[in-house]
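Numbers for residues simply follow the sequence, beginning at 1.
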Amino acid sequence: MSLLDQLNPVQQQAASVITGPIMIVAGAGSGKTRVLTYRIAHLLEAGIPPYEILALTFTNKAAREMKERTERLIGNHAHSVWAGTFHSIFARILRQEAEGIGYQRSFTIYDSDDSQSLIKNIMSGLNLSQQQFNPRAVQSRISGAKNQMLTPSDYEESAKDFFEQNVSKIFFEYGQKLFKNNAMDFDDLLLKPIELFKKHPRILEKFQYRFKYLLVDEYQDTNRAQYVLINMLASKFRNICVVGDDAQSIYAFRGADIRNILDFERDYPDTKVYRLEQNYRSTKTILAAADSVIKNNRSQISKTLWTDNPKGEKITLIEADDDKAEGVHIVHHIQENISKEKINLKDFAILYRTNAQSRSIEDALRRAGVPYVIVGGIEFYKRKEIKDVLAYLRVIVNPKDEESLLRIINFPARGIGETTINKLIEQATKTNAPLVEVVQNVRGLESLNDRTKNTVAQFASLIQKYSEMKSQMSASELARSLVDELGILRMFKDEGTPEALGRWENVQELLSAVTEFVADKKEQATLENFLEEVALLSAIDQTSDERNSVTMMTLHAAKGLEFPVVFIAGLEEGLFPMYQVAPDVSELEEERRLCYVGITRAMKKLYLSYTRLRYRFGDVTYPVISRFVSEIDETLIHKETNRRSMFTAEKISSMQNARQRYAHSLQTHQAQKNEAFVPDQEVDYENESQEDISLKVGVYVEHEVFGKGKVMQLSGKGDSSKAVVNFQSVGMKNLMIKFARLRVLGA
């Protein structure tokens, strides 16, 4: 039996072609990852060496899944295939060849926060006000220019106003500073390889021979730089396979250009095109709804999705009085589905157009005691304490990384104040020397007193010590030794607050991550590789199926995922589709594609909701239902009346001064629907962040981090009140009640 016999006929054709350009138009839920996996396996079975195959994806999760599936099909032979995100693959190439464009191989990769910090420092040096020129907006303009492959000079020539003229000045300094710091931002990981290949044709030719077979996932999401890189690598042998769906092109704001997929046949006239139109994910009803929406777009590749799945339930359209009531409705339906269908919380996803919409839904989930996780919130590796430790590791690897050096020079506090730091920076600017050299030679700096010189010299000695130890210790041993010497864990432990304890646990988790990395990567487990992997992680890569919680995320973040039950909230004109003035055709079509993506995340059941009143930007608005709802065949929709909810917006408003009574009423309502979610005892929601009047020794409580536990001891009064709680997961904890946000479950 052939390997490809496990595919449907069109999938077989797409996976079996070995040479020449091919485009696979893969509709939502049509098994594109399966086809890519089998195509790689087929290439290997045909005798293609694994190191000649390059698979480019947009998330580490997708690359990992593709590689693991291929190895399951044909064994360890697939291990040498290069599969990864654009950024990780080209970062890997730059690690080998960076010296060809004047960088050291130990270059640092700056994430968005690092880039913004650098921009702020540059603005300060140029005497540009952060109130007049928002650093985030400046960063966005620079990134947008880079995505279009514009140089600072190009941007300066095209500057249309005062803001853009000043951005061009910052842009120029930004590039200079990055180079001086031996650092690259995410955009550089795509631009620098192009520079490298143009400057050194032999290096390009080396990688053209190395990667004779290219596979590109989510081709509709590629930007100009990615398009150029792909075509540079493919130009010699033209064995390029792109997979994508123009109907899921939703990242124009990041520089994605839908023309790349629409014009692929123009770029490669001998392209073979295969359309994957059988959907394996959704019911007939959900698929019909998605089709009825997307067919209103003019710019698209023709295809007709179909499925052998059951017809399924109608789509439920929820009309809520306001955004608070919308949250209550959603929670009600989650509980109802769990009660009737016996499904898990992790089977539910709540999608919305903007992050701000999550607040009212979160409130409803919290009041109901329904656990949830937000994808794209404060990610683990962006927490302050984690970035502080990572900054130390980055400076140890790349001492020229000025932004990381400035972050840690006085963390933990060692008496190096802003005045001292400014003098060090002035000396570096004056002598045109890297800041690290000034720090290392601080004893010769006459503008500082002896005590300050000693303190700075001790810091320099610490960095030097660990830079030398880097080659003698594993990454995990070095990280543990460094954290121990810095006293960070001791500092958080001595502070004693729940917040500090959370930071202590986060740092411990970071050390665990380094240890796990060393165990997994073995001989490749260098500190440089760990920092690179961390820098390239995305929010989706950090989600896990292990936690049984409702998933909340923006529609953009949901791409590539699927859930049995999906809620799409806020289907209102101006919110979704989002616009402030009348949208142009291209903007509206992208919003419609985003709606299509949201609908096709649902496997069995889909809910759409909108409100008659919504608070936006501090004002009351009276929205109109989204045009996308009217584009769905009305025979596919069941509109829900408000009679099913105990709480209208008016009732909620009238109860604002009686939250405890409201919580008790909500509890009674929930108990009728699903006893599993509601404790038998009354909960005092009014005192979530204050001393809880119902808190006493012997009662059971729930903490947002530590979970469930029993109160063993109470002491103190007012803001100084403390509780000793024995938690099931972590044992005894001594908590300040003011900050602990304990929820009483009962005796």
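Ser88 is linked by a side-chain contact (heavy atoms from CB on, under 4.5 Å) to Asn60, Thr85, Leu536, counting only residues two or more places apart in sequence or in another chain. With sequence neighbours excluded, no residue forms a ring pair (Phe, Tyr, Trp, His ring centres under 6.0 Å) with Phe90. Qualifying side-chain contact (heavy atoms from CB on, under 4.5 Å) partners for Lys192, counting only residues two or more places apart in sequence or in other chains: Leu94, Ile101, Tyr103, Met184, Asp188, Glu195. For Tyr280, the ring pair (Phe, Tyr, Trp, His ring centres under 6.0 Å) test picks out no residue, with sequence neighbours left out. For Ser168, the side-chain contact (heavy atoms from CB on, under 4.5 Å) partners two or more places apart in sequence, or in a different chain, are Tyr155, Glu156. By the side-chain contact (heavy atoms from CB on, under 4.5 Å) test, Ser467 is found to be paired with Ile396, Ile463, residues two or more places apart in sequence or in another chain being considered. In this structure, the side chain to side chain donor-acceptor pair (under 3.5 Å) partners of Tyr268, at least two apart in sequence or on a different chain, are Asn231. The ring pair (Phe, Tyr, Trp, His ring centres under 6.0 Å) search around Phe163 returns Phe133, not counting sequence neighbours. Checked against ring pair (Phe, Tyr, Trp, His ring centres under 6.0 Å), Tyr274 has no partners two or more places apart in sequence or in another chain. Residues that satisfy the salt bridge (charged side-chain N to carboxylate O under 4.0 Å, His left out) test with Glu173, not counting sequence neighbours, are absent from this structure. Taking Glu68 as the reference, nothing meets the side chain to side chain donor-acceptor pair (under 3.5 Å) condition, with sequence neighbours excluded.
Closest of all the heavy-atom pairs between Leu276 and Leu305 is O-CD2, 4.1 Å. Among all heavy-atom pairs drawn from Ala98 and Gln104, the shortest one is CB-O, 4.0 Å. Of all heavy-atom pairs spanning Leu150 and Phe171, the tightest one is O-CZ, 3.6 Å. Here the closest non-hydrogen pair linking Leu44 and His77 is CB-CD2, 4.0 Å. Contact between Ala41 and Ile74 at its shortest, heavy atoms only, is CB-CG2, 4.0 Å. The minimum heavy-atom distance between Tyr596 and Thr600, with the atom names listed, is O-OG1, 2.8 Å.
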(message) Before you tell me yes or no, could you show the steps for Phe107 and Leu189 under side chain to side chain contact (heavy atoms under 4.5 Å, CB included), namely the whole-Å CA-CA distance, both residues' side-chain angles and the distance that decides it to 0.1 Å?
(response) CA-CA 11 Å; Phe107 63 85; Leu189 296 180; 4.2 Å; yes
(message) Does Leu561 form a side chain to side chain contact (heavy atoms under 4.5 Å, CB included) with Val375? I'd like the steps, not just the answer.
(response) CA-CA 12 Å; Leu561 304 178; Val375 174; 5.9 Å; no
(request) Report the C-alpha separation of Val216 and Val243 in whole Å, then their side-chain angles, then the decisive distance to 0.1 Å, and conclude whether the side chain to side chain contact (heavy atoms under 4.5 Å, CB included) test is met. (result) CA-CA 6 Å; Val216 185; Val243 184; over 6 Å; no
(request) Decide side chain to side chain donor-acceptor pair (under 3.5 Å) for Ser143 and Asp187; before the verdict, give the C-alpha distance in whole Å, the side-chain angles of both, and the deciding distance to 0.1 Å. (result) CA-CA 7 Å; Ser143 180; Asp187 299 316; 2.9 Å; yes
(request) Evaluate side chain to side chain contact (heavy atoms under 4.5 Å, CB included) for Asn8 paired with Gln12, printing each intermediate quantity in order. (result) CA-CA 6 Å; Asn8 70 35; Gln12 283 182 25; over 6 Å; no
(request) Apply the test ring pair (Phe, Tyr, Trp, His ring centres under 6.0 Å) to residues Phe237 and Tyr209: give CA-CA distance (whole Å), side-chain angles for both, the deciding distance (0.1 Å), then the verdict. (result) CA-CA 8 Å; Phe237 295 101; Tyr209 274 96; 5.2 Å; yes
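Although no hydrogens or angles enter the test, the distance criterion places a donor-acceptor pair under 3.5 Å between the side chain of Lys67 and the main chain of His79. The closest donor-acceptor contact from the side chain of Glu157 to the backbone of Asp154 lies at 3.5 Å or more, if one exists at all. Remark: side-chain polar atoms of Gln139 are paired, donor with acceptor, to backbone N or O of Ser112 under 3.5 angstrom. Checking side-chain atoms of Asn279 against main-chain N and O of Thr307 turns up no donor-acceptor pair under 3.5 Å. Judged by distance alone, the side chain of Ser115 and the main-chain N or O of Asp111 form a donor-acceptor pair under 3.5 Å. When atom types are taken as modelled, the side chain of Glu277 and the backbone of Thr304 share a donor-acceptor pair closer than 3.5 angstrom. When atom types are taken as modelled, the side chain of Glu477 and the backbone of Ser474 share a donor-acceptor pair closer than 3.5 angstrom. Checking side-chain atoms of Ser235 against main-chain N and O of Met232 turns up a donor-acceptor pair under 3.5 Å. At least one donor-acceptor pair closer than 3.5 Å links the side chain of Asp246 to the backbone N or O of Ile301. Judged purely by atom type and a 3.5 angstrom limit, Asp257 has no side-chain atom pairing as donor or acceptor with the backbone of Asn223.
Two rings, from Phe211 and Trp82, have their centers less than 6.0 Å apart.
Within the 4.5 Å cutoff, the side chain of Tyr392 has no heavy atoms near those of the Tyr466 side chain. Side chains of Glu403 and Arg394 form no contact here, defined as non-hydrogen atoms less than 4.5 Å apart. Taking 4.5 Å as the limit, some side-chain heavy atom of Asn182 sits within range of a side-chain heavy atom of Ser106. Between Gln278 and Ser30, the closest side-chain pair of non-hydrogen atoms is not below 4.5 Å. Contact of the Ile240 side chain with the Phe264 side chain is registered, since non-hydrogen atoms from C-beta on lie closer than 4.5 Å. When side chains are defined from C-beta on, Lys180 counts as touching Glu402, because their heavy atoms get closer than 4.5 Å. For the pair Tyr213 and Leu54, the minimum side-chain heavy-atom distance is 4.5 Å or more. In this structure the side chain of Asp185 never reaches within 4.5 angstrom of the side chain of Leu118, judged on heavy atoms.
Taking 4.0 Å as the cut-off between side-chain N and carboxylate O, Arg593 and Glu590 count as a salt-bridged pair. A salt bridge links Lys559 to Glu218: at least one charged side-chain nitrogen sits closer than 4.0 Å to a carboxylate oxygen. Between Arg407 and Asp114, no side-chain nitrogen of the basic residue sits less than 4.0 Å from a carboxylate oxygen of the acidic one, so the salt-bridge criterion is not met. Taking 4.0 Å as the cut-off between side-chain N and carboxylate O, Arg105 and Glu528 do not count as a salt-bridged pair. Ionic pairing of Glu532 and Arg92 is not present here: no N-O contact between side-chain nitrogen and carboxylate oxygen is shorter than 4.0 angstrom. By the 4.0 Å N-to-carboxylate-O rule, Arg281 lies close enough to Glu562 to be salt-bridged with it. Salt-bridge formation is detected for the pair Glu164/Arg141: a Lys NZ or Arg NE/NH1/NH2 atom is positioned less than 4.0 Å from an Asp or Glu carboxylate oxygen.
Between Phe186 and His87, the ring-plane angle classifies as tilted under the 30° and 60° cut-offs.
Results of the side-chain hydrogen bond (donor to acceptor under 3.5 Å, both in side chains) test with Tyr227 over Asp267, Thr222, Asn260 single out Asp267 as the only residue that passes.
Screening residues 247-256 for side-chain hydrogen bond (donor to acceptor under 3.5 Å, both in side chains), with sequence neighbours left out, gives Asp245-Gln248, Gln248-Arg601.
Within 6.0 Å of atom CZ in Arg259, 12 or fewer heavy atoms from other residues, nucleotides or ligands are found, so the atom counts as exposed in its surroundings.
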